[in-house]
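In this text the structure is predicted, and so the values were computed from the model without any measurement. So you know, we letter chains A, B, ... as the sequences are listed, proteins then strands, and number each from 1.
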2 protein chains.
Amino acid sequence: MSVQERKERERADRERLIVATARELAEQQGWDAVTTRRLAERIEYSQPVLYSHFRGKREIIGAVALEGAAEMAAALRAAASAADGPRTRVTALARAYLAFAERNPAVYDAMFRLDGGLAFAHEDTPEPLKDAFAALLETLGEVAGDGVHPALFTEVFWAALHGLATLTRAGRLPPEDTEPRVELLVDRLAM
Amino acid sequence: MSVQERKERERADRERLIVATARELAEQQGWDAVTTRRLAERIEYSQPVLYSHFRGKREIIGAVALEGAAEMAAALRAAASAADGPRTRVTALARAYLAFAERNPAVYDAMFRLDGGLAFAHEDTPEPLKDAFAALLETLGEVAGDGVHPALFTEVFWAALHGLATLTRAGRLPPEDTEPRVELLVDRLAM
DNA sequence: CTCGATTGTCTAGCAATGCTAGGATCGGGT
DNA sequence: ACCCGATCCTAGCATTGCTAGACAATCGAG
């Protein structure tokens, strides 16, 4: 039985290696550079091995997205818990969100821009994604205001952050004024 | 001289045909289905003809984006001018923006999601893009509030709209609650 | 310890993609 | 009528995601 366990462990290790390598490569040279061949070469296996772990490239992107979602949730909670007072927490949360997007552009793309074959807003939404939304909700729910559904408020606030993140990264918004944008957003939206 | 003029006219016609066909195909089957071969077949020319008009696929996407930007600017202005009172105008503008994104998903993708090789927020930003932003600014500048730079306010509001549009289209947000989201956004952000 | 079977991995190849070189063909000007 | 240039197409390249089939290593049974 121990033999089989070792094999499973090795398999799991290799799967982690694939995901980590894909992420690394994407952060270094962009997702376009993440081809199955290059990825296979980096992990020092042949291409078909990838397909014994994942159904295809999409699933690899999805795996990176899930890993990123977990990290993001942790980062958001850490930032929020370091601040006190609901509004301060919201500001810290917003800054942490945008900082995460800026520091991990490839991961952010995997989560929200690319098609990782993940389901959202459904029953079968993967746990890390639901948890990342929950992390937002925890802090944002406090400042939704009377008569406003916390989830709805969180969606709107999240959409605004997502818009800022993507438009900035795509060069649609000059990056210098990020801070005043955050302040304006929190000032107006949070009650 | 007339011969040359006719040729130029025909060339311009064909270029419009290429852009229109690319857009149509993208709206019907998504941008993934817009391959140079399929596109060439639809316009009843061979592939290399495309490259005598555009440097590559990116530029074709860019052309669709510019066309879309002009349309969007017109749609936004029409919606805004049909409403009176600054806040009502903003609501109308927001609805028009999201409606445009929903009705022309491929065009919206070309404008903001895909890489069309266009420059933003620079000197050399194409006119239609600057004009679309101007259309937003005209209406949103009125409700920026005291001491808030109209352009900055417009950027934030735009980012929020963009976030709602993309997250909804990507299935990240359930589409039913779009209207209350818009109301919340206008309620809080507009002064 | 040996042998068959199963499991795992790689080589080789497919169809589709964006893009380009080279030759054929058509038309206008002299 | 002829030539020359513009215009267009056939054919092909390298790269992509993905897969079939051959090969080797490993494990369990006798």
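The line from CG of Leu140(B) to CH2 of Trp158(B) is 11.5 Å long, rounded to the nearest 0.5 Å.
Distance CG (Leu50(A)) to P (dT19(D)): 12 Å, rounded to an integer number of Å. Taking atom NZ on Lys57(A) and atom C1' on dT15(D), their separation rounds to 12 Å, with Å as the unit. Atom OH in Tyr51(A) sits roughly 18 Å away from atom P in dG21(D) (whole-Å rounding). Straight-line distance from the CD1 atom of Ile60(B) to the P atom of dC19(C): 8 Å, rounded to whole Å. What separates CZ of Phe54(A) from C1' of dT19(D) is a distance of 18 Å, to the nearest Å.
Partners of Glu44(B) by side chain to side chain donor-acceptor pair (under 3.5 Å), not counting sequence neighbours: none found. Take Asp13(B) and apply the side chain to side chain donor-acceptor pair (under 3.5 Å) test, not counting sequence neighbours, and it matches Arg16(B). Taking Arg77(B) as the reference, Asp131(B), Glu138(B) meet the side chain to side chain donor-acceptor pair (under 3.5 Å) condition, with sequence neighbours excluded. In this structure, Asp177(A) has no side chain to side chain donor-acceptor pair (under 3.5 Å) partners at least two apart in sequence or on a different chain.
Screening residues 145-156 of chain B for side-chain hydrogen bond (donor to acceptor under 3.5 Å, both in side chains), with sequence neighbours left out, gives Arg181(A)-Glu155(B). Listed by first and then second residue, the ring-ring contact (aromatic ring centres under 6.0 Å, His included) pairs that reach into residues 159-191 of chain A are Tyr108(A)-His162(A), Phe112(A)-His162(A), sequence neighbours excluded. Listed by first and then second residue, the salt bridge (Lys or Arg N to Asp or Glu O under 4.0 Å) pairs involving residues 47-57 of chain B are Arg55(B)-Glu59(B) (not counting sequence neighbours).
At least one donor-acceptor pair under 3.5 Å links the side chain of Thr166(B) to the backbone N or O of Gly163(B). One N or O on the side chain of Arg113(A) and one on the backbone of Arg113(B) form a donor-acceptor pair closer than 3.5 Å.
Between its opening and closing five pairs, the helix from dC1(C)-dG30(D) to dT30(C)-dA1(D) changes axis direction by 20°, a value rounded to 10 degrees.
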Considering only nitrogen or oxygen atoms on both sides, find all protein atoms under 3.5 Å from nucleotides 22-26 of chain C and state each distance.
none

Find every protein N or O atom lying less than 3.5 Å from an N or O atom of nucleotides 6-11 of chain C, and list the pairs.
| from | atom 1 | to | atom 2 | distance (Å) |
| --- | --- | --- | --- | --- |
| dT9(C) | OP1 | Arg14(A) | NH1 | 3.0 |
| dT9(C) | OP2 | Arg14(A) | NH1 | 3.2 |
| dT9(C) | OP2 | Arg14(A) | NH2 | 3.0 |
| dC10(C) | OP2 | Ser46(A) | N | 3.0 |
| dC10(C) | OP2 | Ser46(A) | OG | 2.9 |

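Salt bridge absent: Arg87(A) and Glu142(A) never bring a charged side-chain N and a carboxylate O closer than 4.0 Å. Between Asp115(B) and Arg58(B) there is a salt bridge, since a side-chain N of the basic residue sits under 4.0 Å from a carboxylate O of the acidic one.
Within residues 24-43 of chain B, the residues having any heavy atom under 4.0 Å from DNA chain C are, by residue number, Val34(B), Thr35(B), Thr36(B), Arg37(B), Arg38(B).
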What pairs of donor and acceptor atoms, side-chain ones from residues 60-68 of chain B against any protein atom, are under 3.5 angstrom apart with sequence neighbours left out?
| from | atom 1 | to | atom 2 | distance (Å) |
| --- | --- | --- | --- | --- |
| Glu67(B) | OE2 | Arg23(B) | NH1 | 2.8 |

